[in-house]
2 protein chains.
Amino acid sequence: MTAHPELTRNQTLVLKALDRAEGPLSAYGILDRLRDDGFRAPLQVYRALEKLQQFGLVHRLESINAFVACCQPHGHRHETIAFAICSHCGRVDEFSDAAVEERLNEWVRAHRFKPAKTTIEISGECADCTARGAG
Amino acid sequence: MTAHPELTRNQTLVLKALDRAEGPLSAYGILDRLRDDGFRAPLQVYRALEKLQQFGLVHRLESINAFVACCQPHGHRHETIAFAICSHCGRVDEFSDAAVEERLNEWVRAHRFKPAKTTIEISGECADCTARGAG
DNA sequence: CGTCTGAATGTTATGACATTACATGTCGAT
DNA sequence: ATCGACATGTAATGTCATAACATTCAGACG
Ligand SMILES: [Zn+2]
Ligand SMILES: [Zn+2]
Ligand SMILES: [Zn+2]
Ligand SMILES: [Zn+2]
């Protein structure tokens, strides 16, 4: 599964919708954009999103219940990823920091905690929006 | 607002419900536990939770849409807090790490991002549950 | 006292996000 | 052909959160 298989039709459509979007989209937002492609029910979106997340092509933003296409060309699965989310324009920046990852891993080891998923999200206002004097 | 004022009746009830709970509670879970105290609608819970979060007495766990009472005796407002959430037993451990906070602050400074709220949540299985051989 | 005002509360309705359950289709392996 | 694994279609339901509006409460002030 390292090189994920061909995407199905629905997965391709969902990924394209996210790629074309300016910012994160909710599942229902994706659904609305795919009505013309035959999408009728939320489950079609959620099922595609689940696979795309497994492939590392899409990330879920827990703090805003939305999804973004991964900015890396071929996805990634093993790093801890942090997100900076502009609550004004929706821009999402994705980054990883080895020191952050290492410190969290230390806590986890020290407490014998078996991590399954790590969420790091900073919400706020991006530089552009701040410069423009956004509210 | 450093020493937060007296809590109102509803705020007190919600905080007590969270204190008594084993793990995190959803807003509707809190509502159910406060029916006998006269609670009838979700808004009563959400309004109390909003204030309690401002006072630093309650934290929202974004990745599971739930709330926990702060484990510090008098709350805290200025640190970046990380949570380790056991998806098996619901146990939540709260910790902060200066190095993590500093690294995230560096990214934010470098990108002129104006942070409003930082979420760090590690979901997984706690040591006790792993030892018990949980699934 | 009476009134004004801001905060908290009560209530109904609605919106937003996500999953369960079951039926159907597709395609390669045997 | 038939089987199994996976993807899909559809309806119904469950879960989380807020909008809108009316009412109540407690302190400030003349
Ligand atoms: Zn990515
Ligand atoms: Zn922005
Ligand atoms: Zn705390
Ligand atoms: Zn546990």
Side-chain angles (χ1 to χ4, degrees), chain A residues 1 3-18 21 23-55 57-68 85 87 90 117 119 121 123, chain B residues 1 3-18 21 23-55 57-68 85 87 90 117 119 121 123:
Chain A
M1 184 146 100
H4 53 76
E6 306 295 314
L7 297 181
T8 67
R9 168 183 155 82
N10 283 6
Q11 289 159 14
T12 304
L13 286 168
V14 167
L15 184 56
K16 277 186 186 169
L18 285 173
L25 292 179
S26 73
Y28 279 73
I30 295 169
L31 176 58
D32 285 341
R33 297 177 183 222
L34 295 178
R35 298 273 182 201
D36 293 342
D37 296 294
F39 274 53
R40 311 289 305 153
L43 212 60
Q44 297 175 282
V45 177
Y46 282 110
R47 287 201 275 229
L49 284 171
E50 183 177 33
K51 289 296 181 184
L52 291 169
Q53 286 178 261
Q54 287 171 10
F55 298 152
L57 299 173
V58 161
H59 302 296
R60 174 182 169 81
L61 302 175
E62 302 286 355
S63 60
I64 58 173
N65 296 325
F67 303 84
V68 286
I85 306 165
S87 52
K117 191 194 174 195
T119 298
E121 296 175 16
S123 65
Chain B
M1 190 149 97
H4 53 75
E6 306 295 314
L7 297 181
T8 67
R9 168 183 155 84
N10 283 4
Q11 289 160 14
T12 304
L13 285 168
V14 167
L15 185 55
K16 277 187 186 166
L18 284 173
L25 291 179
S26 72
Y28 280 72
I30 295 169
L31 176 58
D32 286 341
R33 295 177 186 223
L34 294 179
R35 297 273 183 203
D36 293 342
D37 296 293
F39 273 53
R40 312 289 305 153
L43 225 72
Q44 297 175 283
V45 177
Y46 282 109
R47 288 201 274 229
L49 285 172
E50 184 177 33
K51 290 294 180 185
L52 291 169
Q53 286 178 262
Q54 287 173 9
F55 299 151
L57 299 173
V58 161
H59 302 296
R60 173 181 170 81
L61 302 175
E62 302 286 354
S63 61
I64 58 173
N65 297 324
F67 303 84
V68 287
I85 306 164
S87 52
K117 191 192 175 195
T119 299
E121 296 175 16
S123 65

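A, B, ... follow the sequence lines: proteins, then strands. Residue 1 opens every chain.
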(message) By nearest heavy atom, map B/N65 and B/Q11 onto DNA chain C; which one lands nearer the 5' end?
(response) B/Q11
(request) Indicate whether B/Y28 forms a stack on D/dT15; treat it as stacked only if centroid distance is below 5.5 angstrom and interplanar angle below 30 degrees. (result) no
(request) May I have the distance from A/L25 (atom CG) to C/dC17 (atom P), rounded to whole angstrom? (result) 11 Å
(request) Establish, from distance only, whether the side-chain atoms of A/T119 and B/E121 form a donor-acceptor pair under 3.5 Å. (result) no
(message) If you take any heavy atom closer than 4.0 Å to DNA chain D, which residues from residues 35-51 of chain A end up in contact?
(response) A/R40, A/A41, A/L43, A/Q44, A/R47, A/K51
(request) Kindly give the heavy-atom pair with the smallest separation between B/L15 and B/L57, and that separation in Å. (result) CD1-O, 4.0 Å
(message) Rounded to whole Å, please give me the gap between CD1 in B/I30 and C1' in D/dC16.
(response) 12 Å
(request) Identify which one of A/V68, A/V14, A/L52 satisfies the side-chain contact (heavy atoms from CB on, under 4.5 Å) criterion when paired with A/V58. (result) A/L52
(request) Measure the distance from CD on B/Q53 to C1' on D/dA17 and round it to the nearest whole Å. (result) 13 Å
(message) For B/R60 and A/N10, find the nucleotide of DNA chain D closest to each by heavy atoms; which residue's nucleotide sits nearer the 5' end?
(response) A/N10
(message) I need the CG-P distance between A/L52 and D/dA7, as an integer number of Å.
(response) 11 Å
(message) Can you measure A/L7 atom CG to D/dT8 atom C1' for me and round it to whole angstrom units?
(response) 16 Å
(message) At less than 4.0 Å, is any side-chain N or O atom of B/T8 found next to OP1 or OP2 of C/dA7? Yes or no.
(response) no
(message) What is the separation between atom CG on A/D32 and atom P on C/dA16, rounded to the nearest whole Å?
(response) 10 Å
(message) From CD1 of B/I64 over to P of D/dT15, roughly how many Å is that when rounded to an integer?
(response) 15 Å
(request) Using only side-chain N and O atoms of B/S26, determine if any of them is under 4.0 Å from OP1 or OP2 of D/dC16. (result) yes
(message) Without decimals, in angstroms, what is the distance between B/Q54 CD and C/dA7 P?
(response) 12 Å
(request) In plain terms, say whether B/K117 and B/E62 are close enough for a salt bridge, that is, a side-chain N and a carboxylate O under 4.0 Å apart. (result) yes
(request) Working to the nearest 0.5 Å, report the span between CZ of B/F39 and CG of B/L13. (result) 5.0 Å
(request) With sequence neighbours left out, write down each residue that passes salt bridge (charged side-chain N to carboxylate O under 4.0 Å, His left out) with B/D32, or none if nothing qualifies. (result) B/R35
(request) Please step through side-chain contact (heavy atoms from CB on, under 4.5 Å) for the pair A/H59 and A/Q53, ending with a clear verdict. (result) CA-CA 6 Å; A/H59 302 296; A/Q53 286 178 261; over 6 Å; no
